[in-house]
Amino acid sequence: MSQRLLVVDDEESIATLLQFNLQQSGYEVDTVHDGGAALKKAENEKYDLIVLDLMLPVMDGLEVCKQLRQNKIMTPILMLTAKDDEFDKVLGLELGADDYMTKPFSPREVVARVRAILRRVAQQTSPEQVEPIVQNEKMMVGEVEIYPENYEVYYQNKAIDVTPKEFELLLYLMNHKGRVLTRDQLLNAVWNYEFVGDTRIVDVHISHLREKIEPNTKKPIYIKTIRGLGYKLEEPQLNG
């Protein structure tokens, strides 16, 4: 059974071009041209991935992404933006998008990016894991618990909401507890391909993990910044 994708772009020529190239690659593809229609489709139908333009009529892509995540719809989102604007990219990732691309782009590049995202999702849900971890058991650092098999994270015994990418990043950090990991290492490991050296993506996700698991984000006790190198997850040092 082929995977279903939703392409959302108000420029019908772009939507049609993407639909054609993705169908040629074996995907089932629906298209809509405004944010309201995209939200309705995504809430009422099952998709494996959404290709979502940022600038849309009725409701922009950021708001669509935000509402889907608030409604616990975690379908992977590849966001498209015509602006080479870091604010838009970072905000999109903060709201739960999994990846972004800046226009203009080649349809072949979009297909490659879609395949990479779907491959990551398949690896997450597959019982066969590349990482040498015990899937049935929880992993714990301080008061942070992660259950790889159930895709759950707890802090101080309370479940916390994390995006798929935040989960992957936290799992990777836990698997390499105590080791300094460079931003490039994290990009390659968690995003599975070179992200054109855009390590800001790592920083955004680290920042959001800290907001969810650190008692004080200005003085993190779990995810430490190693200046000039990267990050390290470690057991918190308890005072007294």
Can you get from [X] to [Y] by hopping between Ile, Leu, Val, Met, Phe, Trp and Tyr side chains that sit under 4.5 Å apart?
{"X": "Met140", "Y": "Leu171", "value": "no"}
{"X": "Ile206", "Y": "Met174", "value": "yes"}
{"X": "Leu181", "Y": "Ile221", "value": "yes"}
{"X": "Leu186", "Y": "Leu229", "value": "no"}

Roughly how far apart are [X] [atom1] and [Y] [atom2], rounded to 0.5 Å?
{"X": "Asn44", "Y": "Ile73", "atom1": "CG", "atom2": "CD1", "value": "8.0 Å"}
{"X": "Leu49", "Y": "Thr75", "atom1": "CG", "atom2": "OG1", "value": "8.5 Å"}
{"X": "Lys232", "Y": "Lys224", "atom1": "NZ", "atom2": "NZ", "value": "7.5 Å"}
{"X": "Leu170", "Y": "Leu233", "atom1": "CG", "atom2": "CG", "value": "7.0 Å"}
{"X": "Leu80", "Y": "Glu11", "atom1": "CG", "atom2": "CD", "value": "10.5 Å"}
{"X": "Glu12", "Y": "Leu17", "atom1": "CD", "atom2": "CG", "value": "13.5 Å"}

Q) Given the rule in the side-chain contact (heavy atoms from CB on, under 4.5 Å) test, do Asp98 and Met74 qualify, once you have shown the distances and angles that lead to the verdict? A) CA-CA 10 Å; Asp98 295 82; Met74 305 309 291; over 6 Å; no
Using atom types as modelled and distance alone, determine if a side-chain donor or acceptor of [X] lies under 3.5 Å from a backbone N or O of [Y].
{"X": "Arg119", "Y": "Val114", "answer": "no"}
{"X": "Glu145", "Y": "Met139", "answer": "no"}
{"X": "Gln70", "Y": "Gln67", "answer": "no"}

Q: Run the numbers on Glu214 and Lys219 for salt bridge (charged side-chain N to carboxylate O under 4.0 Å, His left out), then give the verdict.
A: CA-CA 8 Å; Glu214 296 284 2; Lys219 295 181 179 179; over 6 Å; no
Q) Could you go step by step and tell me if Leu6 and Val8 meet the side-chain contact (heavy atoms from CB on, under 4.5 Å) rule? A) CA-CA 6 Å; Leu6 178 63; Val8 189; 3.9 Å; yes
More than 12 heavy atoms of other groups within 6.0 Å of [X] [atom1]:
{"X": "Lys66", "atom1": "NZ", "answer": "no"}
{"X": "Phe20", "atom1": "CZ", "answer": "no"}
{"X": "Asn216", "atom1": "CG", "answer": "yes"}

Would you say that [X] contacts [Y] through its side chain, given a criterion of any heavy-atom pair below 4.5 Å between the two side chains?
{"X": "Leu39", "Y": "Met59", "value": "yes"}
{"X": "Leu78", "Y": "Leu52", "value": "no"}
{"X": "Val144", "Y": "Gln156", "value": "no"}
{"X": "Tyr172", "Y": "Phe167", "value": "no"}
{"X": "Arg113", "Y": "Asp99", "value": "yes"}
{"X": "Val111", "Y": "Arg115", "value": "yes"}
{"X": "Val190", "Y": "His205", "value": "no"}
{"X": "Ile213", "Y": "Ile223", "value": "yes"}

Q.
Applying ring pair (Phe, Tyr, Trp, His ring centres under 6.0 Å), can you list everything that pairs with His208, at least two apart in sequence or on another chain?
A. none
For residues [X] and [Y], report the shortest heavy-atom separation together with the two atoms involved.
{"X": "Ser2", "Y": "Gly26", "value": "CB-O, 3.2 Å"}
{"X": "Leu118", "Y": "Gln3", "value": "CD1-OE1, 3.6 Å"}
{"X": "Ile117", "Y": "Pro76", "value": "CG2-CB, 3.7 Å"}
{"X": "Ala97", "Y": "Cys65", "value": "N-SG, 3.5 Å"}
{"X": "Tyr155", "Y": "Pro215", "value": "OH-CG, 3.4 Å"}

Q | From CA spacing to verdict: side-chain contact (heavy atoms from CB on, under 4.5 Å), Val141, Lys177 | A | CA-CA 9 Å; Val141 175; Lys177 184 176 70 172; 3.6 Å; yes
Which donor-acceptor pairs under 3.5 Å do side chains of residues 29-37 form with protein atoms, sequence neighbours excluded?
{"from": "Asp30", "atom 1": "OD2", "to": "Arg4", "atom 2": "NH2", "distance (Å)": "2.7"}
{"from": "Asp30", "atom 1": "OD2", "to": "Tyr47", "atom 2": "OH", "distance (Å)": "2.6"}
{"from": "His33", "atom 1": "ND1", "to": "Asp9", "atom 2": "O", "distance (Å)": "2.9"}
{"from": "Asp34", "atom 1": "OD1", "to": "Gly36", "atom 2": "N", "distance (Å)": "2.9"}
{"from": "Asp34", "atom 1": "OD1", "to": "Ala37", "atom 2": "N", "distance (Å)": "2.8"}

Q.
By the salt bridge (charged side-chain N to carboxylate O under 4.0 Å, His left out) test, which pairs, at least two apart or in different chains, include something from residues 51-65?
A. Asp53-Lys103
Q: Considering only NZ, NE, NH1 and NH2 on the basic side and carboxylate oxygens on the acidic side, decide whether Lys138 and Glu152 come within less than 4.0 Å.
A: no
Q) Just checking, any donor-acceptor pair under 3.5 angstrom between side chains of Tyr231 and Asp203? A) yes
Q) Going by atom types only, do Glu211 and Thr217 share a side-chain donor-acceptor pair under 3.5 Å? A) no
(Q) Is there a side-chain contact (heavy atoms from CB on, under 4.5 Å) between Leu54 and Tyr100? Walk through the geometry before answering. (A) CA-CA 10 Å; Leu54 178 68; Tyr100 69 83; over 6 Å; no
Q. How far apart are the C-alpha atoms of Lys212 and Asp161, what are their side-chain angles, what is the distance that settles it, and do they pass the salt bridge (charged side-chain N to carboxylate O under 4.0 Å, His left out) test?
A. CA-CA 8 Å; Lys212 295 173 181 181; Asp161 289 329; over 6 Å; no
